[in-house]
Amino acid sequence: MVKMKNKYLLILISLLIVLTGCSKGKSDIPNEDKEVIENFLDSYFEQFNYTEEEWETLINLIESKTLSEDPWVDQWKKTLTQKEILRLISNRLLPNLYLREYPETEYIVEKLIHKDKGSYSVNITFKNIGDEKKEETINISIDLTDTEEGRRIDYIDLEEFNLLFNKK
């Protein structure tokens with residue numbers, strides 16, 4: 001009888017260990033990755049709150065073609081690879097001048113999902129979009145990589161975001 005109880009107890013403990021290991025799997029997001037993603041999103045969406053003076057300064061930098069040498073771009077080196085900074089600038093996503101037209105827009109990161117090694121999906125809800133004050137939820141894919149400075153975003157898919165905010 002005692003052997004039978006010990007056997008069931010051993011099976012129960014083994015099952016709990018297996019279930020605990022399975023539940024960690026993909027839902028575990030390294031703190032460094034989470035921090036890089038959150039810092040990027042906070043910095044990027046700060047553009048909704050830029051003053052007219054800040055926008056004018058950025059526009060002047062773009063027109064003078066000195067944007068890549070400006071300290072404003074240097075802030076992105078904390079979260080993006082150099083290659084991704086250049087890609088976003090050349091695709092007019094950094095800075096995103098469309099966001100100038102949406103000063104009341106707010107955002108909430110609903111969910112950060114770990115897809116594969118270094119790949120994430122972020123669900124974000126935007127409120128107070130445009131004159132209709134509508135609400136939209138989109139998904140952004142992000143790939144991180146190791147660099148000499150630590151983890152950095154190597155690619156961020158802002159297509160769905162860009163489509164949402166360049167309608168004016």
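All values below come from the heavy atoms of this structure, side chains included, with hydrogens, waters and symmetry mates left out.
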#### Entry: Test side-chain contact (heavy atoms from CB on, under 4.5 Å) applied to Glu35 - qualifying residues, sequence neighbours left out
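Only Asn39 meet the side-chain contact (heavy atoms from CB on, under 4.5 Å) criterion with Glu35.
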Do [X] and [Y] sit in one hydrophobic cluster, given that two such residues count as connected whenever their side-chain heavy atoms are within less than 4.5 Å of each other, even indirectly?
| X | Y | answer |
| --- | --- | --- |
| Ile153 | Ile138 | yes |
| Leu97 | Trp76 | yes |
| Leu86 | Leu61 | no |
| Tyr155 | Val73 | no |
| Ile142 | Val109 | yes |

#### Entry: Those residues that, when tested against Glu53, pass side-chain hydrogen bond (donor to acceptor under 3.5 Å, both in side chains) (two or more places apart)
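side-chain hydrogen bond (donor to acceptor under 3.5 Å, both in side chains) check on Glu53 returns nothing, list empty.
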I'd like to know if the side chain of [X] reaches the main chain of [Y], judged simply by a donor and an acceptor atom lying under 3.5 Å from each other, with no hydrogens or angles considered.
| X | Y | result |
| --- | --- | --- |
| Glu63 | Asn60 | no |
| Thr105 | Asn128 | yes |
| Asp157 | Glu159 | yes |
| His114 | Ile29 | no |

#### Entry: Contacts of Glu32 that satisfy salt bridge (charged side-chain N to carboxylate O under 4.0 Å, His left out) - sequence neighbours left out
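Once residues adjacent in sequence are excluded, Glu32 has no partner under the salt bridge (charged side-chain N to carboxylate O under 4.0 Å, His left out) criterion.
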### Message
Going by salt bridge (charged side-chain N to carboxylate O under 4.0 Å, His left out), name the residues that satisfy it together with Arg87, two or more places apart in sequence or in a different chain.
### Response
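Here the qualifying residues are Glu84.
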### Message
Which label fits Phe40 and Tyr44: parallel for a plane angle under 30°, tilted from 30 to 60°, or perpendicular past 60°?
### Response
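It falls in the parallel class, under 30°.
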Working to the nearest 0.5 angstrom, can you tell me the gap between [X] [atom1] and [Y] [atom2]?
| X | Y | atom1 | atom2 | value |
| --- | --- | --- | --- | --- |
| Ile124 | Glu136 | CD1 | CD | 13.0 Å |
| Glu106 | Ile129 | CD | CD1 | 10.5 Å |
| Ser141 | Ile113 | OG | CD1 | 9.5 Å |
| Asn162 | Leu93 | CG | CG | 5.0 Å |
| Asp131 | Lys133 | CG | NZ | 7.0 Å |

### Partner of Glu110 by side chain to side chain donor-acceptor pair (under 3.5 Å), out of Thr137, Thr125, Asn123
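Output: one option passes, namely Thr125.
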### Task
Could you go through the side-chain contact (heavy atoms from CB on, under 4.5 Å) check for Leu88 and Leu158 one step at a time?
CA-CA 9 Å; Leu88 292 174; Leu158 292 173; 4.0 Å; yes
### Query
Any ion pair linking Arg100 and Glu52 (charged N to carboxylate O, less than 4.0 Å)?
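Between Arg100 and Glu52 there is a salt bridge, with a charged N closer than 4.0 Å to a carboxylate O.
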### Query
Looking at Leu112, Ile140, Asp42, which hits side-chain contact (heavy atoms from CB on, under 4.5 Å) with Ile37?
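Checked Leu112, Ile140, Asp42 against Ile37; only one passes side-chain contact (heavy atoms from CB on, under 4.5 Å): Leu112.
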Do [X] and [Y] make a side-chain contact, defined as non-hydrogen atoms from C-beta onward lying under 4.5 Å apart?
| X | Y | answer |
| --- | --- | --- |
| Asn49 | Glu46 | yes |
| Trp55 | Gln47 | yes |
| Leu94 | Trp72 | yes |
| Tyr50 | Leu58 | yes |

### Query
Please, which pairs that meet salt bridge (charged side-chain N to carboxylate O under 4.0 Å, His left out) have at least one residue in residues 141-154, sequence neighbours excluded?
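Pairs touching residues 141-154 that pass the test: Asp33-Arg151, Lys83-Asp154, Asp146-Arg151.
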#### Entry: Sequence neighbours excluded, every pair satisfying salt bridge (charged side-chain N to carboxylate O under 4.0 Å, His left out) that has a member inside residues 71-82
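Checked against salt bridge (charged side-chain N to carboxylate O under 4.0 Å, His left out) - neighbours excluded - the pairs reaching residues 71-82 are Asp74-Lys77.
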### Message
So for atom NZ, which belongs to Lys117, do other residues, nucleotides or ligands contribute more than 12 heavy atoms lying within a distance under 6.0 Å?
### Response
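Check fails, neighbour count at 12 or below.
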#### Entry: CD (Glu160) with more than 12 external heavy atoms under 6.0 Å
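Atom CD in Glu160 is crowded, with more than 12 foreign heavy atoms closer than 6.0 Å.
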### Task
Flag the pair Tyr98 / Tyr102 as yes when their ring centroid distance falls below 6.0 Å, and as no otherwise.
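Tyr98 vs Tyr102: aromatic centres not under 6.0 Å.
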### Query
What is the minimum heavy-atom distance between Pro95 and Ile62, and which atoms define it?
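Distance-wise, the nearest heavy atoms are CG-CD1, 3.6 Å.
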